[in-house]
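See below for the structure under consideration.
Naming: A, B, ... by sequence-line order, numbering from 1 per chain.
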Amino acid sequence: MPLRWSRTLGAGKYDVWRLPSAPSGDARGDVPWLGAGRVAFPRLRLGLGLAVLALAGCADLPKDPEGTLERIRASGELRVGLIADPQPDGTAGRYLARVAGATGARPAIVSGPSERLLTELEHGRLDLVLGELRPDTPWTSHVNIVLHPDQQTNEPVLVTAAAARHGENAWIMLLEREAGRLGGDP
Amino acid sequence: MNRELPENIRADLRRARRLAWWTLAWMGSVVLVMWLAMGGSQAMKTALIEDVLSLIPAAVFLIACHFEPKPPTRRFPHGLERVHSLASLIAAVALSAVGAFLIYDAVTTLVTADHPTIASISLFGQDLWHGWVMIAALAYSVVPPVILGRLKLPVARRLQDKVLHTDAMMQKADWMTGLAGVAGVIGVGLGYWWADAAAAAIISFSILWDGINSLRVATAELVDGAPRALDDDEIAEDAEALIAELERRYPGADVKLRETGRYIHAQLAGVEPERRLDLRSLWPGDPKRAWRLVQVSFVPPEPPTATKD
């Protein structure tokens, strides 16, 4: 039977894409106009199959160029900078607890002015800076700002945000995932 | 100007225009896909700008083809053939700009050790590595230019069309940047921050080389140089053969060729003009390309008494 995706509407606001139930053995690969037993586009299928295998082989992409996430997991220490002014609200604390849980690491927190903490972060002496930042802060060219999905705005206002070193893609993905899950928290 | 072109050449011209329209449509869709896949990523911006620039040769080709057959007027007594010369310069500048831009972008990234961030993207409620989406978009962006470029090259040779040839080189640039982009994104995913920039740097030299070649050919035509080959700055083979043939037939003549778009004009100085001349009989090579020679003008020798001091 030809490969076909069926589209069903998910329970929530998202569409869910599902593969149809597995075809019975001998019908696999049959295409009506080719007759039984003939496989349509055999070389294309082989190529696609190899591509899928290749992709599955590196499914743990991305990796961090400077190995931030690996180091946090191995050492069990998460170096956090907490921007002191204005005083961080409860969101920052709940977020940090989630990230610590996801990495299995214990946060070692330093507190200070944003400029100093972000400079330390840029040079890799901190893993994460938490506090109130403007989404359009000029620091975006030096560090990567992770926002809660509900707070994505272009307004020049301060929101609770996390900052990570540029290019540490596995680490940033984890931070983004935890920021997305924060909304479900009480 | 309405040249008497053989039917097969006119058919090739129609085919070339169809290919140019297809290029605009396909590459337009590539620009759209790349823009959708970009999602604020700096790494994809270069590829997007490159794809937008790559529309220029096909667009100027169609504009030039629109003006080229216009009959001469009082204000344009030679017709508008040279629109093609101008178009080939614009196309060559666009191709060179793509190469130069890629080099600049790659070198700045490498020098400033800018680590590209390719994080997650939300797709159908799933958090996915953005790199996979980019790789899919880049893989799509490779397909149309490979097909279009291969279809255009033989037509460009038959038509001796510099704009179409530069356009085909632009498609080569497109698929090369697409493949380099895939390699670069995978490299970044594996933790090599320099992979994307390095891949772009490697191919950018070849693109700049093609661009500069096109630029030299286009400027040679605009400053009345002898007809050049399509792909390098040497005098075209058929032009060399024509010069030899004219020198054989008119011993002592000073033979000068120049090119307007796809057409050759010859000037013979220092010999008596012919009363009648069949241009096709002068063409030494493949008679299928005899349409290239459209004009022979004679500059009679000066009378010997004209020398004065």
To the nearest 0.5 Å, how far apart are CE in A:M173 and CD1 in B:I118?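 The CE atom of A:M173 sits 11.0 Å away from the CD1 atom of B:I118.
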About how many Å separate CG of A:N169 and CH2 of B:W129, when rounded to the nearest 0.5 Å? 7.0 Å
A quick test of your reading: do over 12 heavy atoms of other residues, nucleotides or ligands sit less than 6.0 Å from CZ of B:R216?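 At most 12 heavy atoms, drawn from other residues, nucleotides or ligands, come within 6.0 Å of this atom.
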For atom CD of A:E77, is the number of surrounding heavy atoms from other residues, nucleotides or ligands below 6.0 Å larger than 12?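 Correct, the count exceeds 12.
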Locate the shortest heavy-atom distance separating B:H115 from A:H166; write the atom from each residue and the value. CB-O, 3.4 Å
Under a 4.5 Å heavy-atom cut-off, does chain A meet the side chain of B:V188, its backbone, both or neither?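 Both backbone and side chain.
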Among pairs that include at least one residue of residues 135-152 of chain B, which meet salt bridge (Lys or Arg N to Asp or Glu O under 4.0 Å), considering only residues two or more places apart or in two chains?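 Pairs touching residues 135-152 of chain B that pass the test: B:K152-B:D167.
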What part of A:N144 gets within 4.5 angstrom of chain B, counting heavy atoms only: side chain, backbone, both, or neither? side chain
Provide the full list of ring pair (Phe, Tyr, Trp, His ring centres under 6.0 Å) pairs with a residue in residues 133-178 of chain B, sequence neighbours left out, each pair given once. none
